[in-house]
Amino acid sequence: MSQPSTRRFPVLLLIGASLTFGVAVATQSAEYAENQWWGPGEEHTIGDTLEFTNDYGRLRLINTGELINTAGHPFFEPLGENGRACVTCHQPSDAMSLSVKTIRAQWDATDGNDPLFAAIDGSNCPSLPQGEEASHSLLLTKGLFRIPRPWPPKAADGSVIEPEFDLEVVSDPTGCNLDPEYGMFSDDPAVSVFRRPRPVANMKYLLTLPNGVTPHEYFMYNDKSLLPTDPETGEFVSVQLMSDGRLPTLRGQAGDASSTHLEMIAELSEEELRQIEEFERSIYVAQGFSNQAGELGGPGTPPGLGPEAMRDGPPGELGNNPVNRVFGTFNMWLHQRGDGEELTSQEEFQASVARGADVFFDKRFFIQDVGVYNDKGLGNPFKRSCASGCHNTVLAGMDLAPGFMDLGLNNWPWNQRDDLPLFKATCHDDAVPQSYLGRVIYTHDPGRALVTGRCSDIGASMTQQMRGLAARAPYFMGGEADTLREMVDFYDRRFNIRYSEQEKQDLVNFMSVL
């Protein structure tokens with residue numbers, strides 16, 4: 001097993017170490033729980049396995065490719081004008097995403113001077129005074145980057161898409177949508193929305209088209225239109241990669257990110273694109289150790305836990321049935337004791353996780369008024385569980401059917417926030433309206449509609465994978481949930497599920513080991 005560089009922030013590898021549940025774990029964790037930041041241009045070695053601490057235990061990263069020295073690798077090198085690299089927003093310790101905890105630590109360590117806080121999107125608006133916390137409040141508190149989308153929307157070939165709705169700015173706490181240089185009425189008009197970086201790992205589950213879900217293999221679930229194709233191969237591709245689906249391939253995403261987030265002037269070379277894609281396809285992440293449940297792999301543990309399961313599992317399979325459960329069985333953790341015998345604290349936690357897995361898979365509730373979901377022939381309301389509804393992909397826990405939906409995360413009345421811009425979208429009379437909100441919609445992020453220009457897509461986004469959750473808070477595209485409990489509470493309110501307090505805690509414990 002290779003050892004990482006100690007150039008700046010060492011990462012201790014514990015694979016193969018003999019650890020016991022309890023005090024020894026806390027002692028070991030303290031050795032590498034300081035700053036696990038990987039800065040652009042730093043030299044680290046990625047062998048077969050790395051582990052990183054988080055509040056719930058340890059994240060484990062598996063590399064199925066060749067040993068990687070990050071020095072000179074285009075994913076880890078600062079290629080643009082602002083000093084960032086891809087790794088800046090996709091940290092190995094944060095499940096190849098970026099947590100608020102990490103962001104806050106990096107601000108404090110550099111007095112806000114790290115390239116992470118580059119004005120272009122690491123601040124609420126580039127025109128604000130940089131170096132002040134208030135100018136970076138959305139990144140520091142919610143982990144949100146500014147995403148400027150052209151207005152009116154543009155197709156992949158650069159042609160203008162005539163939107164089916166008019167967009168007004170109701171409130172603009174960041175100031176960017178009304179900014180004379182960066183706003184909707186500037187010389188280069190754009191709508192600024194704010195989103196979390198999605199994990200760049202476990203890619204085969206996002207990029208493999210679903211199998212056996214006829215007739216959705218090559219069609220969008222939303223409107224039965226054909227899926228996009230890879231411009232290089234001509235083959236149909238999934239739309240799971242990004243929250244709005246605008247870039248369906250790793251190469252396309254890398255090229256776009258380099259010109260926007262890294263502010264590169266030149267395009268990535270073919271060799272750089274190849275190396276970035278090869279790396280992203282080779283990385284698998286999941287929680288590998290739980291402070292309370294112990295090791296999350298090996299004999300006696302649920303078979304769907306740990307990154308090894310992600311590495312070895314089949315992509316593109318539906319997990320909404322007893323034969324194929326999304327994360328497999330947890331029955332081995334439903335510990336039993338005879339009269340007078342008590343479970344250990346570890347066994348009690350494992351039993352809670354197992355109950356949470358059953359709640360996730362079995363407890364049905366009414367899914368109601370979800371735009372571009374309930375209106376596709378399923379009925380409104382439609383009774384499903386989390387696993388049989390929107391999180392049904394085996395081992396990954398996202399929606400298998402290619403499509404988008406408005407869960408209420410972006411639109412009123414379900415979600416109302418005073419830290420984000422608020423837009424009023426008024427749909428044209430000849431447009432198909434948003435199914436449950438009509439023709440006048442108040443939204444913090446029009447979502448997919450900023451790609452398609454359709455009224456019916458306002459607020460819709462793509463569900464994302466559920467692995468490595470413990471390492472990458474906050475949650476949802478807009479960072480609405482600071483904790484796993486807040487995520488459970490959102491769904492409980494949104495769909496009037498009425499989880500018991502025990503069920504909520506069991507769900508939190510279950511998600512903490514994914």
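All values reported here derive from a predicted model rather than from experimental measurement. Values below: every heavy atom of this structure, side chains too, minus hydrogens, waters and symmetry copies.
- Between the side chains of Asn415 and Asn410, not a single donor N or O lies within less than 3.5 Å of an accepting N or O.
- With 3.5 Å as the limit, one finds a donor-acceptor pair spanning the side chains of Asn392 and Asp399.
- Side-chain N/O atoms of Asn202 and Gln465 include a donor and acceptor closer than 3.5 Å.
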Evaluate Asp406 against Arg448 for salt bridge (charged side-chain N to carboxylate O under 4.0 Å, His left out), listing each step before the verdict.
CA-CA 10 Å; Asp406 166 32; Arg448 178 69 174 169; over 6 Å; no
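- With contacts defined as side-chain heavy-atom distances shorter than 4.5 Å, the pair Leu395/Tyr205 qualifies.
- By the 4.5 Å heavy-atom criterion applied to side chains, Val239 and Pro228 are counted as neighbours.
- For the residue pair Ser137 and Asn124, a side-chain donor N or O sits within less than 3.5 Å of a side-chain acceptor on the partner.
- Under a cut-off of 6.0 angstrom, the local environment of CD in Glu133 is crowded, with over 12 non-hydrogen atoms contributed by other residues, nucleotides or ligands.
- Using the six-membered ring where Trp is involved, His391 and Phe360 have ring planes that are tilted, between 30° and 60° apart.
- Using a 3.5 Å distance cut-off with no hydrogens or angles, the side chains of Asn54 and Gln287 do pair a donor with an acceptor.
- Between Lys101 and Asp55, at least one side-chain N (NZ, or NE/NH1/NH2) sits under 4.0 Å from a carboxylate O, which counts as a salt bridge.
- From Gln346, atom CD reaches atom CG of Asn291 across 11.0 Å, with rounding to the nearest 0.5 Å.
- Using a distance-only test at 3.5 Å, with no hydrogens or angles considered, a donor-acceptor pair links the side chain of Thr393 to the main chain of Leu400.
- Looking at heavy atoms from C-beta onward, Glu347 lies in side-chain contact with Thr344 at the 4.5 angstrom threshold.
- In this structure, Gln434 contributes its side chain and Tyr436 its backbone to a donor-acceptor pair below 3.5 Å.
- Using cut-offs of 30° and 60° for the angle between ring planes, the Phe510 and Phe327 rings count as perpendicular.
- Between Arg355 and Glu503, no side-chain nitrogen of the basic residue sits less than 4.0 Å from a carboxylate oxygen of the acidic one, so the salt-bridge criterion is not met.
- Minimum heavy-atom separation, Phe117 to Ile103: CZ-O, 3.5 Å.
- With respect to Asp358 and Arg325, a salt bridge is recorded, a charged nitrogen being found less than 4.0 Å from a carboxylate O.
- Salt bridge Arg485/Asp489: present, at least one basic N to carboxylate O contact under 4.0 Å.
- At a threshold of 4.5 Å between non-hydrogen side-chain atoms, the residues Arg104 and Leu140 count as touching.
- Residue Leu116 holds its CG atom at 6.0 Å from CG of Leu98, rounded to the nearest 0.5 Å.
- Across Ile68 and Phe76, no two heavy atoms sit closer than the pair CG2-CE1, 4.5 Å.
- In this structure, Arg498 CZ and Arg493 CZ are separated by 15.0 Å, a value rounded to the nearest 0.5 Å.
- Contact annotation: the side chain of Tyr218 never approaches that of Val237 to less than 4.5 Å [non-hydrogen atoms, C-beta and beyond].
- No side-chain donor from either of Asn69 and Thr45 sits under 3.5 Å from a side-chain acceptor of the other.
- Put simply, OG on Ser461 and CG on Leu409 are 6.0 Å apart, with the number rounded to the nearest 0.5 Å.
- When atom types are taken as modelled, the side chain of Ser97 and the backbone of Pro197 share a donor-acceptor pair closer than 3.5 angstrom.
- Residues Glu317 and Asn324 approach most closely at OE1-ND2, 3.2 Å, considering heavy atoms.
- How far CG of Leu67 is from CD1 of Ile46: 8.5 Å, rounded to the nearest 0.5 Å.
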Does the side-chain hydrogen bond (donor to acceptor under 3.5 Å, both in side chains) test come out yes or no for Asp369 and Asn380, once each step is laid out?
CA-CA 7 Å; Asp369 295 345; Asn380 187 38; 2.9 Å; yes
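- Remark: Arg311 is not positioned above the aromatic ring of Tyr284, lacking an NZ or CZ atom under 6.0 angstrom from the ring centre and at most 45 degrees off the axis.
- In this structure, Arg146 fails the cation-pi test against Phe194, since its NZ or CZ atom is not both closer than 6.0 Å to the six-membered ring centre and inside 45 degrees of the ring normal.
- Of the candidates Arg196, His444, Arg417, Arg417 is the only one forming a side-chain hydrogen bond (donor to acceptor under 3.5 Å, both in side chains) with Glu480.
- Within the 4.5 Å cutoff, no side-chain heavy atoms of Leu139 are placed close to those of Trp107.
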Go through Leu241 and Leu250 one step at a time and tell me if the side chain to side chain contact (heavy atoms under 4.5 Å, CB included) criterion holds.
CA-CA 8 Å; Leu241 190 59; Leu250 289 175; 3.8 Å; yes
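- Geometrically, Lys504 does not engage Tyr499 in a cation-pi contact, judged by NZ or CZ lying under 6.0 Å from the ring centre and within 45° of the ring axis.
- Under a 3.5 Å cut-off, the side chain of Ser238 and the backbone N or O of Leu206 do form a donor-acceptor pair.
- In this structure, Pro199 and Gln464 approach most closely via the heavy-atom pair CD-OE1, 3.5 Å.
- Between Asp244 and Arg195 there is a salt bridge, since at least one side-chain N of the basic residue sits less than 4.0 Å from a carboxylate O of the acidic one.
- At a threshold of 4.5 Å between non-hydrogen side-chain atoms, the residues Phe330 and Leu305 count as touching.
- The heavy-atom pair separating Ser456 from Val372 by the smallest distance is O-CG2, 3.4 Å.
- Annotation: side chain of Thr443 is not in contact with side chain of Trp412 (no heavy-atom distance under 4.5 Å).
- Heavy atoms from other residues, nucleotides or ligands lying under 6.0 Å from CZ of Phe236 number more than 12.
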Derivation of the side chain to side chain contact (heavy atoms under 4.5 Å, CB included) call for Lys204 and Leu207:
CA-CA 5 Å; Lys204 73 178 181 182; Leu207 299 175; over 6 Å; no
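- To the nearest 0.5 Å, atom CZ of residue Arg364 and atom OG of residue Ser385 are 6.0 Å apart.
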Kindly indicate, with the supporting measurements, whether the criterion ring pair (Phe, Tyr, Trp, His ring centres under 6.0 Å) is fulfilled by Phe476 and Tyr491.
CA-CA 11 Å; Phe476 297 130; Tyr491 282 116; 5.6 Å; yes
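- A donor-acceptor pair under 3.5 Å is absent between the side-chain atoms of Thr88 and the main chain of Arg84, judged by distance alone.
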Decide yes or no on side chain to side chain contact (heavy atoms under 4.5 Å, CB included) for Phe349 and Ser290, but give the supporting numbers first.
CA-CA 10 Å; Phe349 186 84; Ser290 165; 3.7 Å; yes
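- Donor-acceptor pairing under 3.5 Å is recorded for the side chains of Ser352 and Asn509.
- Contact detail for Met242 and Met462: the closest heavy-atom pair is O-CB, 3.8 Å.
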Can you list the steps and then say if Met220 with Leu227 is a side chain to side chain contact (heavy atoms under 4.5 Å, CB included)?
CA-CA 6 Å; Met220 292 286 291; Leu227 286 170; 3.4 Å; yes
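- Ring orientation note: the planes of His44 and Trp38 are close to parallel, at an angle under 30° on the 30°/60° scale.
- Each of Thr53, Leu50, Leu296 was scored for a side chain to side chain contact (heavy atoms under 4.5 Å, CB included) with Arg58, with one residue passing: Thr53.
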